[in-house]
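We count ligands from 1, going down the list as the structure has it; atoms in each ligand are counted the same way.
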Amino acid sequence: MNDIGQLIDEASKKIENANVATLENVRILYLGKNGILTQILKSLSQYSIEDRKRIGLEANRAKQIIESGIENKKKNLEKILLDEKTQKEKLDYSQSFYFPFSKGSFHPVVQTIKGMVSIFESLGFLSVEGPEIETDWYNFEALNIPKNHPARDVQDTFYIAGMKNLLRTHTSPGQIHVMEKQKPPVKVIVPGRVYRNEASDPSHSSTFHQIEGFEVDENISFVDLKTVLIEFIYKFFGSDLNVRFRPSHFQFTEPSAEVDIQCFFCKGKGCRICKNSGWIEALGCGMVHPNVLKAVNYDSEKYTGYAFGIGVERITMLKYGIDDIRLFYENDLRFLKQF
Ligand code: PHE
């Protein structure tokens, strides 16, 4: 009797200390084919009927206790395993695989626009945007480019079905929108995307960006234009570069000029970037043509103004020494991450 009580105690301790690997051994030790309890139950026949009954009863009770002890232990162990597993599988979404986090950044074209806009704002310009889909009037007619004028051929236009609307070929229609709505004085810049139907190559893209700028008031002269542009160029590129104004032609300005900046790669000596001229074309500009002022019902006797258009990609390429405009549109992170 005592033996069986002791056996239960021992077995209980063994079960308690068992782990997943050893619990089965405990079962075999007591309940297996040759297990201690199995042996006891097998040997019952050698006892007297009375003893047989008593020992049989006790042994069966012990068997049940040990069996259910093992069963409970097994369930506990399984639960612990499952808890550990779910704990491991629980995802912490705040954790980054790429720690430390790499911050997102603005596209180099956007960075340039932001930089340019803030310089012009510091010079008193207000920044506004215009539509990318324009009518013939805004993109050409009001800018002194009449129908069938050869100047239209210079800009290969994307027309929209029906030929009534088109994708703006420059930001100059922004001048017309602003002046139609506001009487002088106006001093505005219009950054935006423009479209030209031309094949793409290292220096051409059918989509690119410009910043238009203009000021109209009484007594505005070419000196004001030069002052603003030189100030912008110095602030954007640095003040150690020479700048030159070269006579040019645009339908909507008279007189017109193109501004060249001394090549900042070779400092004017001549290199691949400036095609050995020592100068880099940076922008077009001029005094607003009286016909443009008339188109928006401004008194062209009383008011004068200047306007300029800067190619954003060009300026960005020059600033960072990028030699292919198409890099801006490929979204290759190896390129974009450098800015
Ligand atoms: N719109 C002209 C272009 O796209 C640039 C320009 C703007 C020239 C304003 C003069 C004045 O080439």
- Ligand-side contact atoms (ligand 1) for residue partner Q210, heavy atom cut-off under 4.0 Å: 3 (C), 4 (O)
- Message: Exactly one of N139, T157, N197 should register a side chain to side chain donor-acceptor pair (under 3.5 Å) with T169. Which one does?
- Response: N139
- Item | Hydrophobic cluster of I133, others only, ordered by chain and residue number, side-chain cut-off 4.5 Å | F158, I160, L167, Y195
- Query: Partners of K235 by side chain to side chain contact (heavy atoms under 4.5 Å, CB included), sequence neighbours excluded?
  - Reply: I119, S122, L123, E231
- Go through ligand 1 atom by atom and flag the ones less than 4.0 Å from a non-hydrogen atom of S172. 1 (N), 7 (C)
- Query: Do the charged groups of E24 and R27 touch, with an N to O distance under 4.0 Å?
  - Reply: yes
- Query: Of all the atoms in ligand 1, which lie at a distance below 4.0 Å from a heavy atom belonging to C285?
  - Reply: 8 (C), 10 (C), 11 (C)
- Between Y306, F252, F214, F250, flag the one that comes closest to atom 12 (O) of ligand 1 by a heavy atom. F250
- Task: Return yes if some donor-acceptor pair links the side-chain N/O of H107 with the main-chain N/O of N331 below 3.5 Å, else return no.
- Result: no
- What atoms of ligand 1 come closer than 4.0 angstrom to any heavy atom of F308? 7 (C), 9 (C), 11 (C)
- Message: Using a 3.5 Å distance criterion without hydrogens, assess whether the side chain of Y329 forms a donor-acceptor pair with backbone atoms of T207.
- Response: yes
- Could you tell me which atoms of ligand 1, counted from 1 in the order shown, lie closer than 4.0 angstrom to a heavy atom of T253? 11 (C)
- Message: So, 4.0 Å and heavy atoms of R196: is ligand 1 close enough to count as a contact?
- Response: yes
